[in-house]
Amino acid sequence: MNELADQLKMDSVQLRILNEPKIDEGEGIPFSSRHYVECLQLGAEKFGWSKRNPDVGSMKRDGLTLGWGVGGAAWIATRDSAAANVELRDDCTARVACGAQDIGTGTYTVLALLTSEKTGVAVEKVEVVLGDTELPLGPVSGGSWATASVVPAVFAAADNAINSLLQVATGTPGSPFQNRKPDDLAFQGGRVFVKADGPGGGVPFAGHIETRQPSPRQGQRQIRRDFRQQRAEVFDALIRLSLRRSHLAT
């Protein structure tokens, strides 16, 4: 692509943008989403690509010749079957469990953040349980699909837990919401409240009931681009790759 851009006397980023496909040409179907152009544009902005001189050997720094390049890549965005279990506990904590594993890629952190976002429980009060075959089915760690697979499962499980909580809140004798319908209530920031009154009049969910609702969800192509700067000292053919790099992935 870069050699083609050079022969066309065209910026290599612009060449990629002009040739951005409208559909998945390999399959002949629309993309579910695609943000490659945004990756290129944002990466170019952050890297300072507009300052690049495309003439060979024209950019120098500290006696070295600079070479700026850009590359793009596509990777499968597969989702595997996954299920999760979310519990809202009577001590205002939450538990999320999935039979996936964390091989150092942050699955523990991701599940804690997802559960916190959905339930309003502080992330430090979310217990994450992984790596047990007795837990709901989780995806393998490979092909960059573990997170994409568990996200919808955790969200669905959290929604089920919240729905169950609202049903208990309206059906438990002595509850301040006893005479309400579940549809009258909402759950936000860890508090149950009447929609018409707003969250200010709500009460913490503690004291209601924990619920376990595994919900399987299946889940398409990752996009990345790299801008790099290479420094070369022409006289002794010394090539150094600097640490200056801009990377985005969607």
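Worth knowing before you read on, the calculation uses all heavy atoms, side chains too, and leaves out hydrogens, waters and symmetry mates. If you read the sequence from its start, that first residue is 1, and numbering goes on from there.
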Kindly give the heavy-atom pair with the smallest separation between [X] and [Y], and that separation in Å.
{"X": "A82", "Y": "S149", "result": "CB-O, 3.5 Å"}
{"X": "A100", "Y": "L130", "result": "O-CB, 3.6 Å"}
{"X": "R89", "Y": "A94", "result": "NH1-O, 4.5 Å"}
{"X": "A97", "Y": "L135", "result": "CB-CD2, 3.8 Å"}
{"X": "A158", "Y": "T119", "result": "CB-CG2, 4.3 Å"}

Regarding W49 and D11, is there a side-chain donor-to-acceptor distance under 3.5 Å anywhere? yes
Short question: side chain of [X], backbone of [Y] - any donor-acceptor pair under 3.5 Å?
{"X": "Q101", "Y": "P139", "value": "yes"}
{"X": "D102", "Y": "Y108", "value": "yes"}
{"X": "Q178", "Y": "G174", "value": "yes"}
{"X": "S164", "Y": "N160", "value": "yes"}
{"X": "T170", "Y": "K181", "value": "no"}
{"X": "S175", "Y": "A169", "value": "yes"}

With the side chain counted from C-beta on, respond yes when [X] and [Y] share a heavy-atom pair under 4.5 Å apart, and no when they do not.
{"X": "F187", "Y": "N163", "answer": "no"}
{"X": "L113", "Y": "V110", "answer": "no"}
{"X": "R79", "Y": "W145", "answer": "no"}
{"X": "V70", "Y": "N2", "answer": "yes"}
{"X": "E25", "Y": "I23", "answer": "yes"}
{"X": "C98", "Y": "L111", "answer": "yes"}
{"X": "I103", "Y": "S141", "answer": "yes"}
{"X": "V96", "Y": "V129", "answer": "no"}

Connected via hydrophobic side-chain network under 4.5 Å: [X] and [Y]:
{"X": "L165", "Y": "V126", "answer": "yes"}
{"X": "L88", "Y": "V123", "answer": "no"}
{"X": "L137", "Y": "V140", "answer": "no"}

Would R34 pass as a cation-pi partner of F31, given that its NZ or CZ must be under 6.0 Å from the six-membered ring centre and within 45 degrees of the axis? yes
Residues D184 and K195 bridged, charged N to O under 4.0 Å: no
[atom1] of [X] to [atom2] of [Y]: how many Å apart, nearest 0.5 Å?
{"X": "R95", "Y": "E127", "atom1": "CZ", "atom2": "CD", "answer": "5.5 Å"}
{"X": "R191", "Y": "C92", "atom1": "CZ", "atom2": "SG", "answer": "9.0 Å"}
{"X": "L66", "Y": "L64", "atom1": "CG", "atom2": "CG", "answer": "7.5 Å"}
{"X": "C39", "Y": "R16", "atom1": "SG", "atom2": "CZ", "answer": "13.0 Å"}

Would T78 and D80 count as a side chain to side chain contact (heavy atoms under 4.5 Å, CB included) if you check the C-alpha gap in whole Å, the side-chain angles of each, and the deciding distance to 0.1 Å? CA-CA 7 Å; T78 300; D80 201 358; 5.5 Å; no
With side chain to side chain contact (heavy atoms under 4.5 Å, CB included) as the test, would you mind laying out the steps for W68 and R52 before giving the verdict? CA-CA 7 Å; W68 284 9; R52 172 180 178 264; 3.5 Å; yes
Partner of F177 by side-chain contact (heavy atoms from CB on, under 4.5 Å), out of T172, V168, V192: V192
Excluding L18, membership of its hydrophobic cluster (Ile, Leu, Val, Met, Phe, Trp, Tyr; side-chain heavy atoms within less than 4.5 Å) reads M1, L4, L8, M10, L15
Apply side chain to side chain contact (heavy atoms under 4.5 Å, CB included) to the pair I17 and L40, showing each step before the final yes or no. CA-CA 8 Å; I17 293 175; L40 288 169; 3.9 Å; yes
In sequence, state the C-alpha distance, the side-chain angles, and the governing distance for L185 and F193, and then conclude on side chain to side chain contact (heavy atoms under 4.5 Å, CB included). CA-CA 6 Å; L185 306 182; F193 58 93; over 6 Å; no
Hey, is CD on E20 packed in by over 12 heavy atoms from elsewhere, all under 6.0 Å? yes
